[in-house]
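To keep things clear, I will list the structure first and then write my remarks on it.
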Amino acid sequence: LGTSAISYSDRLQFSPKEQSYTYNAGYQPGNGLSGQIGGPKFTAQLSQDPAKGISVTDPVTSTSITFKPAFRLQEPQKQGVRMVYPIVGTTAQKVYTLRAASIKEDIVLNHPSKDDLRFSYKLELPAGTEARMETDGGLGIYGVSSELLGNVTTATDADAKLLDAARKNSAKRTLLF
C-alpha cells in the first residue's frame with residue numbers, strides 16, 4: 001500500500017454521536033483572493049456500520065455519492081489516514097486510504113486464494129450524475145454543469161420539474177469525483 005508523503009490522519013475523526021468517521025469535516029472551498037489552501041478538497045463519512053458504506057461529498061457542488069458493499073465486512077479500524085475493514089469469512093481486508101484529492105480503495109489478500117473472489121457495491125448517485133470507468137481502471141463520477149447540481153432553489157413546482165429534466169437530459173461532462 002505504500003506510505004503517504006503527507007498524512008492527513010488528524011482530519012479523520014470519530015463521532016460517537018454519529019457512529020461514523022468524518023474526513024475533513026467542515027471543509028469549505030476557498031473563493032477569496034488568497035488562493036488555494038493546502039489539504040484535502042472533499043469530505044467523507046465512513047460509518048462504523050460497514051453496511052452503510054462510505055459517502056463522499058464535493059463541497060463545491062454539494063454533491064454526495066455513496067458506496068455500499070454487497071459483501072460483509074467487520075467494523076473498521078483506523079490506522080492513521082487509512083480505514084481497514086476485515087472481510088468476513090476471509091483473511092483479506094478492504095482498505096480506504098484518504099488523500100488530499102481522492103480516496104483509494106485496495107483489497108488486500110493476505111494469502112493466495114484458489115477461489116474466484118468478487119466484490120460488488122451498490123452505488124448511490126444523485127440526479128445529474130453518472131459513473132464511468134476511466135482508462136486507468138478507476139471510477140469517475142461525472143455530472144452536469146455545477147450550476148445544476150447540489151442545493152438549487154426553485155420558486156415553483158414547474159421550475160423544480162425543469163431542473164430535474166435538465167439534470168437528467170444534460171451532458172455529464174464535469175468530472176466531480
Side-chain angles (χ1 to χ4, degrees), residues 8 10-73 75-76 81 83 85 94 96-105 119-177:
Y8 298 112
D10 61 322
R11 310 256 179 122
L12 182 58
Q13 299 294 320
F14 183 71
S15 167
K17 180 181 177 186
E18 300 292 325
Q19 287 296 293
S20 68
Y21 288 87
T22 301
Y23 182 63
N24 206 27
Y27 171 72
Q28 294 294 318
N31 57 4
L33 299 175
S34 61
Q36 295 285 335
I37 56 172
K41 306 293 186 223
F42 63 95
T43 60
Q45 290 287 124
L46 299 96
S47 177
Q48 186 74 3
D49 177 357
K52 292 181 180 177
I54 176 175
S55 295
V56 182
T57 301
D58 170 25
V60 173
T61 61
S62 299
T63 303
S64 294
I65 59 172
T66 301
F67 298 88
K68 292 183 179 179
F71 52 97
R72 291 185 34 227
L73 299 168
E75 286 187 357
V81 75
M83 294 299 292
Y85 295 79
K94 178 172 87 152
Y96 283 121
T97 304
L98 298 137
R99 301 173 172 181
S102 65
I103 295 177
K104 181 177 185 250
E105 181 192 62
F119 302 99
S120 300
Y121 296 82
K122 178 181 181 190
L123 179 59
E124 296 176 357
L125 297 172
T129 63
E130 67 184 22
R132 294 186 207 152
M133 290 299 295
E134 300 290 353
T135 55
D136 66 358
L139 181 67
I141 307 297
Y142 288 81
V144 296
S145 67
S146 60
E147 296 81 9
L148 297 174
L149 292 172
N151 300 323
V152 178
T153 304
T154 57
T156 66
D157 287 343
D159 290 344
K161 288 180 182 178
L162 286 171
L163 176 61
D164 287 341
R167 286 175 170 166
K168 180 179 178 183
N169 298 322
S170 294
K172 280 67 170 181
R173 294 188 184 120
T174 304
L175 177 63
L176 302 172
F177 302 99

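As a basis for the values below, the full set of heavy atoms in this structure was taken, side chains included, without hydrogen atoms, waters or symmetry mates.
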For the student: nearest non-hydrogen atoms of L125 and A131, plus distance: CD1-N, 3.8 Å
Set of side-chain contact (heavy atoms from CB on, under 4.5 Å) partners for E18, sequence neighbours left out: S15, S20
side-chain hydrogen bond (donor to acceptor under 3.5 Å, both in side chains) against E75, all qualifying residues, sequence neighbours excluded: Q48
Pairwise distance CG(L12) to CE(M83) - rounded to 0.5 angstrom: 5.5 Å
Salt bridge (charged side-chain N to carboxylate O under 4.0 Å, His left out) contacts touching residues 167-177 (sequence neighbours left out): none
If you look only at distance, which donor and acceptor atoms sit under 3.5 Å apart when one is on a side chain in residues 66-73 and the other is two or more places apart or in another chain?
| unit_1 | atom_1 | unit_2 | atom_2 | d |
| --- | --- | --- | --- | --- |
| T66 | OG1 | S55 | OG | 2.7 |
| K68 | NZ | E124 | OE2 | 3.1 |

Counterpart residues, side-chain hydrogen bond (donor to acceptor under 3.5 Å, both in side chains), relative to D164 (two or more places apart): none
Euclidean distance, L46 CG relative to Y85 OH, rounded to 0.5 Å: 4.5 Å
Intermediate values then yes/no, side chain to side chain contact (heavy atoms under 4.5 Å, CB included), Y121 and E105: CA-CA 12 Å; Y121 296 82; E105 181 192 62; 2.5 Å; yes
For the student: nearest non-hydrogen atoms of T154 and A160, plus distance: OG1-CB, 3.7 Å
Any donor-acceptor pair under 3.5 Å from N24 side chain to F42 backbone: yes
Residue D157 excluded, over 12 heavy atoms near CG under 6.0 Å: no
Between OG1 on residue T129 and CG on residue L176, distance to nearest 0.5 Å: 7.0 Å
Partners passing ring-ring contact (aromatic ring centres under 6.0 Å, His included) against Y142 (at least two apart in sequence or in another chain): none
Y21: partners by ring-ring contact (aromatic ring centres under 6.0 Å, His included), with sequence neighbours left out: F14
Residues in side-chain contact (heavy atoms from CB on, under 4.5 Å) contact with T156, at least two apart in sequence or another chain: A158, D159
Partner residues of S102 under the side-chain contact (heavy atoms from CB on, under 4.5 Å) criterion, sequence neighbours left out: R99
Closest contact, heavy atoms only, A44 versus L98: CB-CD2, 4.5 Å
Minimum heavy-atom distance S47-P76, with the two atoms named: O-CG, 4.1 Å
Side chain to side chain donor-acceptor pair (under 3.5 Å), paired with T22, selected from R11, Q45, Q13: Q45
Test side-chain hydrogen bond (donor to acceptor under 3.5 Å, both in side chains) applied to T57 - qualifying residues, sequence neighbours left out: S64
Pairwise salt bridge (charged side-chain N to carboxylate O under 4.0 Å, His left out) hits with a residue in residues 125-141, at least two apart: E130-R132
F177 to T63 - nearest heavy-atom pair and separation: CZ-O, 3.4 Å
Which residues share a side-chain hydrogen bond (donor to acceptor under 3.5 Å, both in side chains) with S145, sequence neighbours left out: E147
